[in-house]
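Structure first, then comments.
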4 protein chains.
Amino acid sequence: MAKAMEGDGAPVPQRLLAAATRLFAEQGYDRTSVQEIVEAAGVTKGALYHYFGSKEDLLQEVYARVLRLQQERLDAYANADAPIEQRLRDAAADVVVTTIDNLDDAAIFFRSMHHLSPEKNKQVRLERRRYHERFRALIEEGQRTGVFSPATPADLVVDYHFGSVHHLSTWYRPGGPLSRQEVADHLADLLLRALRP
Amino acid sequence: MAKAMEGDGAPVPQRLLAAATRLFAEQGYDRTSVQEIVEAAGVTKGALYHYFGSKEDLLQEVYARVLRLQQERLDAYANADAPIEQRLRDAAADVVVTTIDNLDDAAIFFRSMHHLSPEKNKQVRLERRRYHERFRALIEEGQRTGVFSPATPADLVVDYHFGSVHHLSTWYRPGGPLSRQEVADHLADLLLRALRP
Amino acid sequence: MAKAMEGDGAPVPQRLLAAATRLFAEQGYDRTSVQEIVEAAGVTKGALYHYFGSKEDLLQEVYARVLRLQQERLDAYANADAPIEQRLRDAAADVVVTTIDNLDDAAIFFRSMHHLSPEKNKQVRLERRRYHERFRALIEEGQRTGVFSPATPADLVVDYHFGSVHHLSTWYRPGGPLSRQEVADHLADLLLRALRP
Amino acid sequence: MAKAMEGDGAPVPQRLLAAATRLFAEQGYDRTSVQEIVEAAGVTKGALYHYFGSKEDLLQEVYARVLRLQQERLDAYANADAPIEQRLRDAAADVVVTTIDNLDDAAIFFRSMHHLSPEKNKQVRLERRRYHERFRALIEEGQRTGVFSPATPADLVVDYHFGSVHHLSTWYRPGGPLSRQEVADHLADLLLRALRP
DNA sequence: TATGAATGAGAGTTCATTCAT
DNA sequence: AATGAATGAACTCTCATTCAT
């Protein structure tokens, strides 16, 4: 008798977040109605507004979750005890794998960020900034120590790499010719090769 | 006494396209109402529907215009009479310059493509594909002739580069520390360095 | 086949205003839905929002109309060529008659003014103020010339009289024992008697 | 650390009534949500519904309290051992002072009575009626004994006076040029002067 | 070639009330 | 005596599109 629902037994807020994430990724934020979300989560509109102040809050929660996760992983790799070359390669490859594992989040990220209100946008940008800067510090460290070529400003190198990471949600499909690990290795390799002195 | 309008003296369809391009880039496709577009263009709704069948047609026209332009430029650089290294570098740098010159178009492209109906989407993807393949052919040519490293599949290299091009609309701001030409040189350089054998 | 509608042949904006006035008076502003208004006027919601920016605009229009009417009438009586006693009595009686003729407007006025947004409220209060002051000037003129007792500040006298006018919508019902003219004469008489030196 | 609340130490029902009275007066009955009331009172929704059957019951309680109070005071003044002129003046002035002391109640009264369900409305009207009639009896007594002019029906005189009393919440502000006692004296004076034979 | 009034479906959000605990 | 998650209906307002002129 029961209809298929997003994570049937899970707590309501999680069910809502899961449904929203999938629908935002599939259809875009504006094209997804609150009605669709609550139907997919198997709850009523009232329940949604009991837990989230607005549809926009839901979007922000999606962001917050993925940002937290990626920052933690980057910190772990960046602070590891290994040569700088190894640490950058690991971090660069890991963000690819993690992004492929959460392609929906990534798709939402790069298409829907401008749907956030100015203040929320600002907050998300701030956290993005921290992430960007930790990554840049790795590149600068290698440039300072002569391991990486200083030919390109580190900022630009970061944007070069993350451009390709964001782009993944446009072309990568699970089941394609390359596994996520292969893609990650190739992209990290391209980055490291570009940085050779 | 007249209010400022998009390309005041230009023909109505151009005025509408210019207004739509700006507004789609600023606010997103769904957030831009037909009313806003006609007001910005200084015409009435009836006029818009006289020239364009729907709001979506307007979006497709924006795409068609930029795709045509970029394909022409790529063809010119790719078919030039120069060593492969030079031709790839020129093409890679040119797409950066052209994208920065049309940041609005780029922003629309990577945020709003999924707003097109399936059939129009298909058509746009097809043209994108042609573009991608011409670029890939350049890389494969260099790999075949030993000028570029064959370590990474050419497809992936194309996506690596175009990821960073798409990403430009996220971070590049005119008036920043780097001119468009400097950015273009740096990004083309990164690509070529990554392809060194 | 046609349903009963507010002023069937009249232009749409008038039909909407008439329907809104009646419903606001009967049920209050907040209790009246836009849906009810458009149904009573025999149009669709879209039509309402084509002519009025919001439900609140409709309310403001009701105010603006009645304020304009009453100010015109007061000016006519106050500027007439007659002894001050006569002019005050005429003005005082006329506002009673006019109010009874538009009991709906009056009811809305004294119950729903606080539903207007601060800026609109301010504007309405300003026009009310002008009306109040023209009336007060009449009383002060009589007090200065010794025709009326100066025992009570003119401001207070104005509020005394208008309190009873506002109150009409609470108790007066057409078809009661007193005609509107009789009520008007009595209330004007009370005012004049209170002002006897 | 606790937030400021309505009558912090008082019993819950009183806290709720105080919060509701203030909010209804400030924003109107319909614009005040149950959530706002319970937050202002520092309790939860469940507590409100434990003591009051509905939001409307809360409104009726506000009415009942003020009606009880005013009836008691009127009875005291009306039944005093003093000349009719004195008793009317005292009662007329007292209702002004009491109203000014409870301007919130008055504002609610004259704006929100139509929000009560028909049956509750009826009951409130009945109590109002009793009050009105006690007051009218005073005027009739004076008219019968020749102390007051019989020119105006006593009913109308009552409405004349109470119109101005209701109107107080519209214009009177504590801290203005007239104290509540001065306003009361002036308004009682106007009534008595209007009734002079 | 262009107008703008009108449509009608659907959007996000609010809210009084209930009920298992 | 009190909680707070959940309901479900109603709310105001928006919008792409049509069509008589």
Side-chain angles (χ1 to χ4, degrees), chain A residues 11-13 15-16 29-38 41-59 115, chain B residues 11-13 16 29-39 41-59 115, chain C residues 11-13 15-16 29-38 41-59 115, chain D residues 11-13 16 29-39 41-59 115:
Chain A
V12 170
R15 292 228 299 272
L16 285 165
Y29 176 77
D30 277 331
R31 310 286 251 236
T32 302
S33 73
V34 169
Q35 190 58 45
E36 284 177 291
I37 298 170
V38 299
V43 302
T44 61
K45 277 193 211 178
L48 186 156
Y49 281 96
H50 183 69
Y51 292 104
F52 299 92
S54 64
K55 185 184 168 188
E56 209 193 331
D57 280 4
L58 220 37
L59 179 57
H115 289 138
Chain B
V12 169
L16 284 165
Y29 176 77
D30 278 328
R31 312 284 253 235
T32 302
S33 72
V34 168
Q35 189 59 44
E36 281 177 294
I37 298 170
V38 299
E39 271 168 22
V43 303
T44 60
K45 278 194 206 174
L48 186 152
Y49 281 95
H50 182 72
Y51 291 108
F52 298 91
S54 66
K55 186 183 168 188
E56 211 193 329
D57 281 3
L58 220 38
L59 179 58
H115 290 140
Chain C
V12 169
R15 293 227 299 273
L16 285 165
Y29 176 78
D30 277 331
R31 309 286 253 234
T32 302
S33 73
V34 168
Q35 191 58 46
E36 283 178 291
I37 297 170
V38 300
V43 302
T44 60
K45 273 191 220 176
L48 186 154
Y49 282 96
H50 184 69
Y51 291 105
F52 299 92
S54 65
K55 186 183 168 189
E56 209 193 331
D57 280 4
L58 220 38
L59 179 58
H115 290 139
Chain D
V12 169
L16 285 165
Y29 176 77
D30 278 328
R31 311 283 250 237
T32 303
S33 71
V34 168
Q35 189 58 44
E36 281 178 293
I37 298 170
V38 299
E39 271 168 22
V43 303
T44 60
K45 279 195 204 173
L48 186 153
Y49 281 94
H50 183 73
Y51 291 108
F52 298 92
S54 66
K55 185 183 170 190
E56 211 192 329
D57 281 4
L58 220 38
L59 179 58
H115 290 140

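To find a chain, count down the sequence lines: A is the first, B the second, and so on, and within it residues start at 1. Reckoned from all heavy atoms, side chains included, excluding hydrogens, waters and symmetry mates.
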Let me have the donor-acceptor pairs involving side chains of residues 43-50 of chain A, under 3.5 Å, with sequence neighbours excluded, atom names and distances please.
none

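Secondary-structure stems of DNA chain E, taken as three or more successive Watson-Crick or G-U wobble pairs (i with j, i+1 with j-1) under a 3.5 Å distance threshold, comprise E:2-21 with F:2-21.
Remark: C1' of E:dA11 and NE2 of A:His115 are 14 Å apart, rounded to the nearest angstrom. Atom CD in C:Gln35 sits roughly 11 Å away from atom C1' in E:dG8 (whole-Å rounding). For the pair A:Arg31 CZ and E:dG12 P, the interatomic distance rounds to 13 Å; values are reported in whole Å. As a whole-Å value, the separation of D:Asp30 CG from E:dT14 P is 16 Å. In this structure, A:Glu36 atom CD and E:dA11 atom C1' are separated by 11 Å, rounded to whole Å. One interatomic measurement links the two molecules: OH of A:Tyr29 to P of E:dA11, which rounds to 13 Å at whole-angstrom precision.
For E:dT13, the OP1/OP2 oxygens have a side-chain nitrogen or oxygen of A:Tyr49 closer than 4.0 Å. Under 4.0 angstrom from either OP1 or OP2 of E:dT1 there lies at least one side-chain N or O belonging to B:His50.
A nucleotide of DNA chain F counts as in contact with chain A when one of its atoms lies under 4.0 Å from a heavy atom; the first and last such, 5' to 3', are F:dG4 to F:dG8.
With rounding to the nearest 0.5 Å, the separation of CG in A:Leu59 from CD in A:Glu56 is 7.0 Å. Taking CD1 from B:Ile37 and CD from B:Gln35, the interatomic distance works out to 10.0 Å, rounded to the nearest 0.5 Å.
Side-chain atoms of B:Arg31 come within 3.5 Å of backbone N or O of A:His115 as a donor-acceptor pair.
Near-neighbour residues of DNA chain F inside residues 52-59 of chain B, defined by a heavy atom below 4.0 Å, number-ordered: B:Ser54, B:Lys55.
For the pair C:Leu48 and A:Lys45, both in contact range of DNA chain E, the more 5′-proximal nearest nucleotide belongs to C:Leu48. Along DNA chain F, the nucleotide nearest to C:Val34 and the one nearest to A:Val12 differ in position, and the one closer to the 5' end is contacted by A:Val12. Nearest-nucleotide assignment on DNA chain E puts the 5′-proximal partner with B:Gly46, out of A:Thr32 and B:Gly46.
Counting all heavy atoms, side chain and backbone alike, C:Glu36 lies closest to C:Thr32 at OE1-CA, 3.4 Å. Nearest approach of B:Tyr51 to B:Val12, heavy atoms of both residues: CE1-CG1, 3.5 Å.
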